[in-house]
Every structure is written in C-alpha cells, then in structure tokens.
Amino acid sequence: MPAPFAHLFSTPTDARPTGTPRAVLQRLRGLLCGVLLQTIGLVVSANPAPELPPSAVAPVASVDLQRYAGIWYEIAHAADAADPFIRDCAHDISAVYRLAPDGSLAVLDQCVGADGLVRRRDGVVRPDGAPAHLAVSYQPALLRALPTAWSDYRVVLLDPGYRFAAVTDRHGAGLRILARDPHAAAGTFRQLAARLESRGLPARHLIPVRHPGRNA
C-alpha cells in the first residue's frame, strides 16, 4: 500500500478491537477515501492538458554542446514546476555543464532552499536523435540504460552568442529561461518571455528567480 495513504487504513494506537462500531467506521472511511482518490486520478488521466502545437515546442536548428557548456543561471521558471528539485529551490538556481569525452554534457544543478541550505544534483544531457533534440537524466549511472530514466530536453530558444536560452520538453512543461548573467536585465527577460509566448508557450506564467548570492 503506498505510504502517502497508509494513515487512512492504519489503526490508531487508542483504537478499540476491530469488531467495534468505531473501528468499522474508521475502516469504511479509509476505503471510501481510497476509492475517491482513485476516481479523481482516473478523471484527471482521462482529461489531460491540451497538447501544444509542434511549432511551439520545436527545438532550435542546432546546439553546439561545446559552446553550450559552462554555467547557466536560471532567471525564470514555470510556476507549476513539476520537478521536485526546482520546487525545493528558493533562489540562486544554476547549472554547470561540462563536455564529456563521449560527446554528452555532465551537469551539476545547484540552488539554495528556503531553509538556506544548498541543494545539488548530478545529471547527464546527451543528444537524442535529431539535431538539437536532447535528453537529460538525473538517475544513477546504473539506471541510465533504461529509456524511462531519460526526459526530453529541448532548447527552444538560443541566442546566437549563447548568452540566453529557453528550455522545455515536448509538452511545453518545465519551461525555464537561462542566462549567462544571473542579473539579466528585466527588459531582456520580458523580451524573451514575449518571444516564447508568441510561439505558443505559456511564458506569462513564468516566475523570476532571484540570485542574491551573486554580486550584481
């Protein structure tokens, strides 16, 4: 039984024997809650979010991974970020990419949480078939042989000088804007967000990321 729902079916320490009316009601309540949660899950899965047009999430023509390497600062990300790592970050989100001998990029993500503690994770970004189609994995090396260990990584906007970039997946989820300068001007952010919005990406929901740990 999944841990998040275990409390619905567990017996309190002060519970009476299982045959008492109180115990029966508690078990019925747990069963009803479980059925309700499963029903909600079925409804949500039967009504997925509308797909974005292919043009909205089309990657750039090419990405030079050697030029893409280095440090990128996240200056904005989606308000409903599904990535648990990003949800735990309060500010100073960055990623350092290092070109590996096999042509992939080793990535080190780092941020500061609301508790003031630094959070880090290691991953790999690799080419995934067509030009500028990339995939990322934060799973241990032993699990990276599994297709499910990899997620879509699409560079949908890239400055010719590799000063700014925007990344998302094939569904437009996890949209974020990256910059080489952690204190990119607000006007620059608005211009990039407007370009993303014009192609159909939900850039109006992006939240700016603060970088107080970096001197302006």
Side-chain angles (χ1 to χ4, degrees), residues 2-6 63 65-100 102 104-128 134-159 162-186 188-189 192-193 196 201-216:
F5 306 126
V63 177
L65 294 185
Q66 186 169 5
R67 295 184 66 191
Y68 196 80
I71 185 167
W72 287 95
Y73 299 95
E74 190 165 298
I75 61 173
H77 61 233
D80 58 347
D83 187 340
F85 180 85
I86 297 299
R87 289 202 304 266
D88 288 340
C89 294
H91 54 83
D92 287 297
I93 305 175
S94 65
V96 179
Y97 295 88
R98 179 177 52 84
L99 190 64
D102 64 358
S104 66
L105 289 173
V107 55
L108 172 63
D109 290 349
Q110 179 172 298
C111 73
V112 178
D115 54 7
L117 298 178
V118 175
R119 289 167 168 75
R120 297 184 179 91
R121 67 175 175 181
D122 294 290
V124 175
V125 175
R126 70 181 186 187
D128 188 28
L134 305 173
V136 61
S137 176
Y138 293 101
Q139 298 296 328
L142 290 176
L143 297 179
R144 290 175 190 159
L146 302 174
T148 54
W150 296 87
S151 301
D152 203 36
Y153 184 104
R154 294 194 176 193
V155 181
V156 294
L157 187 65
L158 184 60
D159 172 67
Y162 284 67
R163 297 171 302 165
F164 305 100
V167 179
T168 186
D169 67 10
R170 63 171 56 88
H171 305 293
L175 178 63
R176 55 195 186 276
I177 296 178
L178 312 175
R180 298 293 192 182
D181 179 3
H183 303 290
T188 300
F189 164 68
L192 295 172
L196 294 170
L201 288 164
R204 62 184 178 280
H205 299 304
L206 293 177
I207 297 177
V209 176
R210 299 181 302 109
H211 289 271
R214 305 285 176 173
N215 294 326

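These numbers were taken from a predicted model, which means no experiment stands behind them.
- Distance check: Ile75 CD1 to Phe189 CZ gives 7.0 Å after rounding to the nearest 0.5 Å.
- Arg119 CZ to Ile93 CD1: the interatomic distance, rounded to the nearest 0.5 Å, is 11.0 Å.
- Partners of Ile207 under the side-chain contact (heavy atoms from CB on, under 4.5 Å) rule, at least two apart in sequence or in another chain, are Ala79.
- Residues passing the side chain to side chain donor-acceptor pair (under 3.5 Å) test with Arg67, sequence neighbours excluded: none.
- A distance-only check finds a donor-acceptor pair linking the side chain of Arg87 to the backbone of Ala82 [under 3.5 Å].
- Atoms CG and CG, from Leu157 and Leu201 in turn, are 9.5 Å apart once rounded to the nearest 0.5 Å.
- Atom CZ of residue Arg98 and atom CG of residue Leu65 lie 13.5 Å apart, to the nearest 0.5 angstrom.
- Here Phe85 contributes atom CZ and Arg120 contributes atom CZ; the two are 9.5 Å apart, rounded to the nearest 0.5 Å.
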Kindly determine whether Val124 and Leu105 satisfy side chain to side chain contact (heavy atoms under 4.5 Å, CB included), including the steps that lead there. CA-CA 6 Å; Val124 175; Leu105 289 173; over 6 Å; no

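- The nearest pair of heavy atoms linking Trp150 to Leu146 is CD1-O, 3.4 Å.
- The salt bridge (charged side-chain N to carboxylate O under 4.0 Å, His left out) pairs that include a residue from residues 134-152 are Asp152-Arg154, Asp152-Arg170, where partners are two or more places apart or lie in different chains.
- Applying the salt bridge (charged side-chain N to carboxylate O under 4.0 Å, His left out) test to residues at least two apart or on different chains, the pairs with a partner in residues 175-184 are Glu74-Arg176.
- For the pairing with Tyr153, the side chain to side chain contact (heavy atoms under 4.5 Å, CB included) check across Asp128, Leu134, Val107 returns one residue only, Leu134.
- Thr168 places no side-chain N or O within donor-acceptor distance of the main-chain N or O of Gly174, the cut-off being under 3.5 Å.
- Taking each heavy atom of Asp169 and His171 in turn, the nearest pair found is OD1-N, 2.9 Å.
- When all heavy atoms of Ala203 and Ala193 are compared, the closest pair comes out as CB-O, 3.3 Å.
- Shown here for Pro182 and Arg214, the closest heavy-atom pair between the two residues is CG-CB, 3.9 Å.
- Residues passing the side chain to side chain donor-acceptor pair (under 3.5 Å) test with Asp83, sequence neighbours excluded: Arg121.
- Residue Leu175 comes nearest to Leu206 through the heavy atom pair O-CD2, 3.5 Å, listed as atom of the first residue, atom of the second, then distance.
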Before giving the answer on side chain to side chain contact (heavy atoms under 4.5 Å, CB included), spell out for Leu117 and Asp115 the whole-Å C-alpha distance, their side-chain angles and the decisive distance to 0.1 Å. CA-CA 6 Å; Leu117 298 178; Asp115 54 7; 3.5 Å; yes

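- Qualifying ring pair (Phe, Tyr, Trp, His ring centres under 6.0 Å) partners for Tyr68, counting only residues two or more places apart in sequence or in other chains: Trp72, Tyr97.
- Nearest heavy atoms, Asp109 versus Ala95: OD1-CB, 3.3 Å.
- From Ile86, atom CD1 reaches atom SG of Cys111 across 6.5 Å, with rounding to the nearest 0.5 Å.
- Side chain of His91 to backbone of Gly213: no donor-acceptor contact under 3.5 angstrom is found.
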